[in-house]
Amino acid sequence: MAATTARTPGGAPDERPEGTPCWADALLPDLEAGKRFYGELFGWTFTASGETYGPYATALSDGLRVAGLAPKRDGRMPTAWGVHLATADAVALAARIREAGGQIITAPMRVGTAGITALAADPGGAVFGIWQAERRGGFEKEGLPGSYCWTEVYTRARDKDAVDAFYASVFGYRTRDLDDPSADFRVWSPAGSGEPTDADAIGGRSVIGGASPAEMPAHFLVYFAVADCDETVAAALRLGGRVTEDPFDTPYGRIALLTDNQGAAFAVLAEPKAA
């Protein structure tokens with residue numbers, strides 16, 4: 001799971017290995033309703049970001065950046081959480097994505113002086129962002145309650161081999177498959193030397209199960225750390241959210257899958273010591 005960190009706000013952006021999740025944000029029909037929901041659920045406060053194209057609310061936990069909320073500009077856009085992967089060169093990365101069989105949905109574009117962003121999709125259709133930080137880095141807090149802690153891409157079994165080859169080619173991830181025969185799950189660690197371990201894992205690839213709706217598209221699922229999984233689930237229900245998978249225990253902690261009061265899916269995880 002993601003490293004537990006809290007960084008000093010401001011200053012030069014932190015340097016993350018390429019392909020490391022560095023930001024998460026949600027596209028919502030009603031931005032103010034989203035701020036109320038997540039403000040109550042995670043204790044987030046919000047500040048408007050002046051260097052973006054249109055309204056954007058940056059979520060803070062303990063005064064540190066943890067996520068973003070944005071209103072949908074087009075009703076055809078999904079109501080969803082998305083993850084952004086770090087890069088030192090967005091243009092070069094976009095070229096590698098195309099060469100590896102992915103798609104560039106939005107070409108690299110500058111966001112004021114903050115950095116350069118682009119939107120891409122893997123061969124299975126799962127959409128993700130890329131972020132080249134300049135004056136603005138990504139998460140200032142992660143792996144702690146109220147902040148991002150993990151992500152995984154869900155793809156169809158028929159696309160699994162192509163998707164695995166894509167991420168290995170584009171980001172050079174070191175990978176390992178879980179020993180559990182009931183789980184088709186591949187864990188990602190950043191490019192480098194040595195065997196990948198839990199300590200340097202940054203995300204993974206899962207397969208959409210047969211029990212899922214036939215129309216479910218490939219997607220990234222974003223996890224947020226919480227102090228108590230069951231209490232968070234109860235709060236989400238009280239705020240108008242929905243439980244799509246009841247809390248369950250894993251070696252990594254207690255997990256539940258939720259949707260917010262507008263339909264954006266996400267997961268919460270309480271580490272074993274807090275579960």
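What you are looking at is a predicted structure, and each value in this text was computed from that prediction instead of being measured.
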Main-chain N/O of [Y] paired to [X] side chain as donor or acceptor, under 3.5 Å:
X	Y	answer
Y56	P71	no
T250	G253	yes
Q132	G115	no
R176	W188	no
S147	G143	yes

Item to check | Over 12 foreign heavy atoms within 6.0 Å of CG, D180 | outcome: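 Atom CG in D180 is packed in, count exceeds 12.
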Checklist entry - Hey, is CD on E245 packed in by over 12 heavy atoms from elsewhere, all under 6.0 Å? => result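 Check passes, neighbour count above 12.
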Do [X] and [Y] have side chains that get closer than 4.5 Å, going by heavy atoms?
X	Y	result
D164	R205	yes
T79	P29	yes
V66	E142	no
F42	V226	yes
E99	I97	no
R98	Q103	no

Item to check | Test log, rule side chain to side chain contact (heavy atoms under 4.5 Å, CB included), inputs L85 and F171 | outcome: CA-CA 10 Å; L85 307 178; F171 296 110; 3.6 Å; yes
Item to check | Lys/Arg-Asp/Glu bridge criterion (N-O < 4.0 Å) met for D228, R254 | outcome: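 No salt bridge links D228 with R254.
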Checklist entry - Out of D200, I202, L178, T197, which one pairs with V187 under the side chain to side chain contact (heavy atoms under 4.5 Å, CB included) rule? => result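 Of the listed residues D200, I202, L178, T197, the side chain to side chain contact (heavy atoms under 4.5 Å, CB included) partner of V187 is L178.
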Checklist entry - Between V207, L221, V163, which is the residue that forms a side chain to side chain contact (heavy atoms under 4.5 Å, CB included) with Y154? => result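 Answer after filtering V207, L221, V163: L221.
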Atom pair [atom1]/[atom2] of [X] and [Y] - distance to nearest 0.5 Å:
X	Y	atom1	atom2	answer
E140	D62	CD	CG	11.5 Å
R174	S193	CZ	OG	7.0 Å
I130	E18	CD1	CD	8.5 Å
L257	F248	CG	CZ	6.0 Å
L60	R65	CG	CZ	8.5 Å
K72	D30	NZ	CG	11.5 Å

[X] and [Y]: same hydrophobic cluster, using ILVMFWY side-chain contacts below 4.5 Å?
X	Y	result
I116	V83	no
M77	F220	no
W131	L119	no
L27	Y38	no
V127	F166	no

Distance-minimising heavy-atom pair for [X] and [Y]:
X	Y	answer
A121	I105	CB-CD1, 4.0 Å
L144	K141	CB-CE, 3.6 Å
A100	P123	O-CG, 4.4 Å
L69	F46	CD1-CE2, 3.6 Å
R16	C22	CD-CB, 3.6 Å
A218	T155	CB-CA, 4.2 Å

Item to check | Full working for ring-ring contact (aromatic ring centres under 6.0 Å, His included) between Y252 and Y223 | outcome: CA-CA 12 Å; Y252 302 100; Y223 286 66; over 10 Å; no
Checklist entry - Going through the checks in order, is the side chain to side chain contact (heavy atoms under 4.5 Å, CB included) test met by R110 and E134? => result CA-CA 10 Å; R110 183 168 293 282; E134 292 184 340; 2.3 Å; yes
Item to check | Y148 vs T151, side chain to side chain contact (heavy atoms under 4.5 Å, CB included): CA-CA, chis, key distance, verdict | outcome: CA-CA 9 Å; Y148 166 91; T151 193; 3.4 Å; yes
Next on the checklist: Working note: D89 + R96, criterion salt bridge (Lys or Arg N to Asp or Glu O under 4.0 Å); need CA distance, chi angles, decisive distance, verdict.
Outcome noted: CA-CA 11 Å; D89 189 331; R96 293 204 309 276; over 6 Å; no
Item to check | Intermediate values then yes/no, side chain to side chain contact (heavy atoms under 4.5 Å, CB included), L258 and V268 | outcome: CA-CA 8 Å; L258 306 169; V268 294; 4.1 Å; yes
Next on the checklist: I need the single residue from F139, W44, W150 that forms a ring-ring contact (aromatic ring centres under 6.0 Å, His included) with F224. Which is it?
Outcome noted: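 Between F224 and the candidates, ring-ring contact (aromatic ring centres under 6.0 Å, His included) is satisfied uniquely by W44.
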Next on the checklist: Tell me whether R136 forms a cation-pi arrangement with W23, defined as NZ or CZ under 6.0 Å from the six-membered ring centre and within 45 degrees of its axis.
Outcome noted: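 Yes, cation above the ring, under 6.0 Å and within 45°.
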Checklist entry - When the ring planes of Y167 and F128 are compared, do they come out parallel, tilted or perpendicular, using 30° and 60° as the limits? => result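 If you compare the ring of Y167 with that of F128, the planes turn out tilted.
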